[in-house]
Amino acid sequence: MSRDAVINVGLMGLGVVGGGVASALLREPSLVAARAGCPVRLRKVLVRDVSRPRDVELPPGVLTADAEDILGDPEIDILVEVMGGSDPAADYFRRAILSGKHVVTANKEVMAKEGAELMALARANRVSLLFEASVGGGIPIVGCLMNELAANGVSSIRTIINGTTNYILTRMAHQRTAFADALAEAQGLGYAEADPTNDVEGIDAAYKLTVLATLAYGCRFRPEDVFRQGISGLEPQDFRYAQEFGYSIKSLAIADTGGGGVQLRVYPALVPSENMLANVNGVYNAVEVDGDLCGRVLFHGMGAGRGPTTSAVLGDLAETARLVRDNAAPGGLRELSDGLGVRSIDELQTRYYIRLIVADRAGVLAQIAKALGDCDISIASVLQKDADVETQSAEIVIMTHPARESSVQRALLDIGGLPPVRRVGNMIRIEE
Ligand SMILES: NC(=O)c1ccc[n+]([C@@H]2O[C@H](COP(=O)([O-])OP(=O)(O)OC[C@H]3O[C@@H](n4cnc5c(N)ncnc54)[C@H](OP(=O)(O)O)[C@@H]3O)[C@@H](O)[C@H]2O)c1
């Protein structure tokens, strides 16, 4: 292709991200075209409802509700997908790839569920499939794992990868707000959706972790491989006790190796207050990669929003446009193996925070200590607080020494059955 030839883009989606991508492509002079080294034109934009008012003014004839206008147009070189969801996006990708179109996407769900197959299909058809915006918004972690960090044996990836939950947890920690109030506030500010399930239950983080682990370990992982626990069970007193012990509570998404497999987990964890991850607040994201050559590498930045996500999409688009311009072979997509197994959460070995609501009478702690001891769990420290005269109950917080997850789960069942124990308030894993 000559430098003067126009590269045509079909954009699917004109919402938060699509609006940013369209605006940038329509701007003159176009920075994307300058970076690509050739004209890049927005040829068609797919939406569900063409009659909805938009915050971007498109040239006449560009907006469509018919996917065929993009998929069936041989003049379109690059499909940029920012609709979300795996259906129909995955099918559109397959059709685009099979007809020789390159694909750029921000879609974590489709990449987590079908990324391995789509990457193989793209490789077989010698087209590019780039998805930097699918994880971490403006943080360039996907490309780094594919390219700059690819020579490393990665021992762990520890992340705060969902800005909505991090905002809620930051409010709960700093303002001692209850979960429901912090969530309502996040919804009011547009950080959380009307149905917040994907964010607060860790589903979104599990998709992103699946994508990162697949790239870091060169293996196919699925969202079902991720052990997942949401943040809705946290109560204001957990934040108070965590602080007394010198910890913050953060929802972490972690992949690490050991015992011949990879363990993938998303859960709220106690993180030492001086740890960098404990100080990532509000809607910010962070990714910490431990590699055998590079050591510990840290990324921090805006994980969502129009600007950061558009930045990632356009970076991929400029790279893809250069490829089309030069008629070059796509790089980056390595072959995936099934080599590494997934280690069960039962095998997790860590320290635990356990909060119990018990009858305020003598001998209770001895019974609890015996139940823990019977499961090979030793106590590191105990805090007894908040005796309630009216209900004659007290709150006991126990920090354990390192123990096995399966033992802790067994002990909690036993402890929950002890007559003086009114309720297991919470169990939170500690990530040192
Ligand atoms: N928002 C962020 O900060 C962010 C950050 C990182 C990644 N992402 C990812 O980027 C993607 C888009 O997110 P968004 O926040 O921009 O979503 P959004 O605001 O809800 O916009 C979605 C757009 O896609 C269109 N669309 C959805 N399903 C469609 C279908 N089946 N056929 C045709 N058009 C369809 C919608 O059309 P109508 O306008 O007609 O309804 C809308 O224009 C998602 O994969 C998301 O996970 C978003």
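Indexing begins at 1, ligand by ligand and atom by atom, following the structure's order.
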Full working for salt bridge (charged side-chain N to carboxylate O under 4.0 Å, His left out) between R176 and E235: CA-CA 9 Å; R176 297 281 183 260; E235 295 182 44; over 6 Å; no
R171 vs E185, salt bridge (charged side-chain N to carboxylate O under 4.0 Å, His left out): CA-CA, chis, key distance, verdict: CA-CA 9 Å; R171 295 299 290 172; E185 204 181 300; 2.6 Å; yes
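- What sits closest to atom 22 (C) of ligand 1 on the protein, heavy atoms only, is M83 O, 3.7 Å.
- Proximity to N107 (heavy-atom distance under 4.0 Å) selects the following atoms of ligand 1: 45 (O).
- Near A133, meaning under 4.0 Å from one of its heavy atoms, ligand 1 places the atoms 6 (C), 7 (C).
- A donor-acceptor pair under 3.5 Å is absent between the side-chain atoms of D204 and the main chain of N198, judged by distance alone.
- For atom 3 (O) of ligand 1, the closest non-hydrogen atom of the protein is G305 N, 2.6 Å.
- With a heavy-atom cut-off of 4.0 Å, T309 touches ligand 1 through its side chain alone.
- Of the N and O atoms on the side chains of D195 and T197, at least one donor lies less than 3.5 Å from an acceptor on the other residue.
- Looking at K108 against ligand 1, only its side chain comes within 4.0 Å, counting heavy atoms.
- For the side-chain contact (heavy atoms from CB on, under 4.5 Å) test with M427, the passing option among R355, Q229, E405 is E405; the others fail.
- Each of L413, L356, I357 was scored for a side-chain contact (heavy atoms from CB on, under 4.5 Å) with V424, with one residue passing: L356.
- The protein heavy atom nearest to atom 9 (C) of ligand 1 is A106 O, 3.3 Å.
- Ligand 1 is approached by R54 to a heavy-atom distance shorter than 4.0 Å.
- Nearest to atom 1 (N) of ligand 1 among the protein's heavy atoms is V16 CG1, 3.7 Å.
- The protein atom (non-hydrogen) at minimum distance from atom 25 (C) of ligand 1 is G13 CA, 3.9 Å.
- A donor-acceptor distance shorter than 3.5 angstrom exists from the side chain of T164 to the backbone of Y191, with no hydrogens or angles considered.
- No donor-acceptor distance shorter than 3.5 angstrom exists from the side chain of H102 to the backbone of I78, with no hydrogens or angles considered.
- Those atoms of ligand 1 with a heavy atom of D49 less than 4.0 angstrom away are 40 (O).
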Criterion salt bridge (charged side-chain N to carboxylate O under 4.0 Å, His left out) on R240 and E244, from CA distance to verdict: CA-CA 6 Å; R240 186 153 43 88; E244 281 191 42; 5.0 Å; no
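- Residue A304 has at least one heavy-atom neighbour below 4.0 Å for each of these atoms of ligand 1: 3 (O).
- For atom 16 (O) of ligand 1, the nearest non-hydrogen atom of the protein is V17 N, 2.8 Å.
- Taking a cut-off of under 4.0 Å to the non-hydrogen atoms of L46, the atoms of ligand 1 that pass are 33 (C).
- Distances from atom 20 (O) of ligand 1 to the protein include no heavy-atom value under 4.0 Å.
- Between the side chain of D69 and the backbone N or O of A65 there is no donor-acceptor pair closer than 3.5 Å.
- Those atoms of ligand 1 with a heavy atom of G84 less than 4.0 angstrom away are 44 (C), 45 (O).
- Note on R94 versus E114: salt bridge recorded, some NZ/NE/NH1/NH2 to OD/OE distance being below 4.0 Å.
- For the pair R429 and Y267, the cation sits on the ring face: its NZ or CZ lies under 6.0 Å from the ring centre, inside 45° of the axis.
- Atom numbering of ligand 1 starts at 1 in the shown order; those under 4.0 Å from a heavy atom of L14 are 23 (C), 42 (C), 43 (O).
- Considering only non-hydrogen protein atoms, atom 36 (C) of ligand 1 sits nearest to R48 NH2, 3.8 Å.
- For R52, every heavy-atom contact with ligand 1 shorter than 4.0 Å involves the side chain, none the backbone.
- For atom 31 (N) of ligand 1, the closest heavy atom belonging to the protein is P88 CD, 3.7 Å.
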